[in-house]
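Every chain is numbered from 1, with letters handed out A, B, ... down the list of sequences.
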2 protein chains.
Amino acid sequence: MLNERSLTISQECADCPIRHRAVCARCESDELERLEEIKYYRKFEAGQTVIWSGDRMDFVGSVVSGIATLTQTMEDGRTQMVGLLLPSDFVGRPGRTSAAYDVVATTDLVMCCFRKSPFEEMMRQTPHIAQRLLEMTLDELDAAREWMLVLGRKTAREKIASLLSIIARRDASINMRTATGTLVFDLPLTREAMADYLGLTLETVSRQISALKKDGVIELEGKRHVTIPDMTRLLDEAGDDSDGGLFA
Amino acid sequence: MLNERSLTISQECADCPIRHRAVCARCESDELERLEEIKYYRKFEAGQTVIWSGDRMDFVGSVVSGIATLTQTMEDGRTQMVGLLLPSDFVGRPGRTSAAYDVVATTDLVMCCFRKSPFEEMMRQTPHIAQRLLEMTLDELDAAREWMLVLGRKTAREKIASLLSIIARRDASINMRTATGTLVFDLPLTREAMADYLGLTLETVSRQISALKKDGVIELEGKRHVTIPDMTRLLDEAGDDSDGGLFA
DNA sequence: CTGTACTCTTGATCTGGGTCAAAGTTTCAA
DNA sequence: TTGAAACTTTGACCCAGATCAAGAGTACAG
């Protein structure tokens with residue numbers, strides 16, 4: 001049921017309600033006991049919708065393994081991905097009863113959930129949870145605003161490079177990093193999902209990936225397996241000053 | 001020094017550190033006393049930069065009157081506005097020492113500030129401040145994500161309509177609303193600032209505003225004075241489902 | 001295997017919005 | 001009152017990325 005990755009996280013802090021790795025140091029044992037009572041796991045298959053925008057949302061939780069996306073859709077079908085949920089990311093909004101975006105599993109997904117009202121009750125009693133949640137939300141806000149620059153002002157090629165560098169950095173713990181500093185990972189998104197994230201069409205995404213490949217910025221094996229020979233070069237293509245700091 | 005508008009807010013809760021109107025009901029008198037000691041006002045003129053991205057930020061605060069923008073800039077000068085600060089909005093990030101964006105006053109601006117470390121100390125002692133700040137940050141996150149849809153997927157005309165409807169709604173308390181339901185307000189942004197917000201050029205902004213005017217969606221008196229005869233029509237142009245909910 | 005349904009790539013063409021240029025408005029200092 | 005600077009509008013032209021179209025892998029159910 002739980003895969004290798006989720007177990008790795010579990011060793012550090014299986015029960016911490018929010019961002020397992022980062023907060024466990026502050027958890028106290030009586031909190032953990034109370035959380036144990038309201039905790040449960042949910043599994044979703046790739047492509048399954050975790051929750052629809054506007055639906056009643058009676059839980060909060062965090063991703064244990066797999067990847068999910070937050071998307072917004074206009075009536076005519078135009079969609080924009082507004083967030084990417086990787087393992088340890090928190091989902092849900094204490095204090096609001098309905099979901100603001102569609103949450104869709106893009107790979108098989110395991111989530112650690114807590115029923116909402118008990119969680120909110122706990123939050124009221126233990127201030128550090130609200131403080132930790134505030135820090136995380138501020139991080140997400142920074143990431144969202146960083147992404148606004150990508151969406152509003154970058155070219156297609158820069159957008160692709162930005163996305164690749166985010167995935168490379170966010171996924172750093174899973175990635176292979178060879179002796180030469182080469183970074184290797186599998187793209188967790190289809191071309192269409194990348195297009196929805198970047199505000200492009202899937203054809204443009206495909207073309208730009210081909211172009212980056214031709215220019216030696218990335219190497220591709222199959223459709224998904226990416227190696228980045230020189231991260232500096234990629235960041236340069238992304239137009240980021242310094243190291244970018246996306247999804248800090 | 002303080003104008004009519006700021007006094008209006010003051011009547012409700014002059015000293016509440018965050019979003020004056022919304023939080024004052026929860027303030028307790030001893031908190032207010034302690035806040036009084038660390039509170040001070042700062043004035044900025046239109047065009048002045050409140051703080052530069054990367055600079056040390058030793059205060060937090062909220063806008064009392066006037067309008068400021070949060071912007072990000074690439075080395076080559078491309079800029080993207082990532083947020084609009086209207087009266088009662090909170091600025092600053094507890095727990096981080098340097099600013100992540102440029103904050104620029106677009107009109108004359110009065111801010112109510114608090115030195116950072118005393119404020120953080122207070123936050124630690126009074127949990128409801130962290131909780132309130134969390135709610136506000138989640139609101140901002142929703143707004144940022146809503147804006148990502150605008151930036152990534154909307155046409156120039158839809159972008160302009162979206163911006164106008166946001167300003168109309170956000171500014172509702174200052175706006176004139178005539179007997180016929182007509183909405184009247186002054187644009188607080190130049191064409192260039194609008195372009196930076198929308199990921200467009202100022203020429204395109206100008207053209208689309210002219211087009212909306214020609215089509216009777218808006219009326220213009222001079223460059224800044226806007227009247228919206230039919231809000232439903234404007235929202236329709238913005239492509240928003242229902243009432244949009246931007247900057248909820 | 002083999003067919004069917006995806007996902008991805010590549011080509012040809014079109015167009016919304018960018019770029020460049022010029023002139024009209026405001027604003028405000030002198 | 002006048003002149004200069006800043007903001008805005010409008011026109012002409014162009015190009016990055018969208019759209020339309022056709023194949024080429026790939027995955028997997030039967």
Please examine the side chains of B:Leu141 and A:Arg93, heavy atoms only from C-beta on, and report whether any two atoms are closer than 4.5 Å.
-> no
In whole angstroms, the gap separating P of C:dC8 from CG of A:Leu189 amounts to 10 Å
Please name all residues satisfying side chain to side chain donor-acceptor pair (under 3.5 Å) with A:Asp108, sequence neighbours left out, ordered by chain then number.
-> none
Can you tell me how far the CG atom of A:Asp230 sits from the CD1 atom of A:Ile218, to the nearest 0.5 Å?
-> 13.0 Å
Taking five pairs at each end, how big is the angle between the two axes of the helix from C:dC1-D:dG30 to C:dA30-D:dT1, to 10°?
-> 40°
Set of residues satisfying side chain to side chain contact (heavy atoms under 4.5 Å, CB included) with respect to B:Thr79, sequence neighbours excluded | B:Thr73, B:Asp196
Nucleotide D:dA16, atom C1' - distance to CG of A:Leu198 in whole Å = 15 Å
Quickly work out the A:Glu221 CD to D:dG25 C1' distance and round it to whole Å.
-> 16 Å
Between protein and nucleotides 4-6 of chain C, what N or O pairs are separated by less than 3.5 Å?
none

May I have the distance from A:Glu192 (atom CD) to C:dC8 (atom C1'), rounded to whole angstrom?
-> 12 Å
Is any side-chain heavy atom of A:Leu109 less than 4.5 Å from a side-chain heavy atom of A:Leu85?
-> no
Take the protein atom CG of B:Leu212 and the nucleotide atom P of D:dT9, then report the distance between them rounded to whole Å.
-> 12 Å
Is any side-chain heavy atom of A:Thr106 less than 4.5 Å from a side-chain heavy atom of A:Pro188?
-> no
Using 4.0 Å as the upper bound for N to carboxylate O, is an ion pair formed by B:Glu237 and B:Arg233?
-> yes
B:Thr204 vs B:Lys159 side-chain heavy atoms within contact, under 4.5 Å = no
Would you mind reporting whether B:Lys223 and B:Arg191 have side-chain heavy atoms less than 4.5 Å apart?
-> yes
Side-chain (A:Trp147) to main-chain (A:Tyr197) donor-acceptor, under 3.5 angstrom | yes
For the side chain of B:Leu220, starting at C-beta, report the closest nucleotide among C:dT9, D:dT9, C:dC8.
-> D:dT9
D:dC7 P sits how many Å from B:Asp196 CG, rounded?
-> 12 Å
Who pairs with A:Glu158 by side chain to side chain contact (heavy atoms under 4.5 Å, CB included), at least two apart in sequence or on another chain?
-> A:Lys154, A:Thr155, B:Met74, B:Arg78
Contact state string [nucleotides 10-28 of chain C, B base, S sugar-phosphate only, - no protein heavy atom under 4.0 Å] = BBB----SSBB---B----
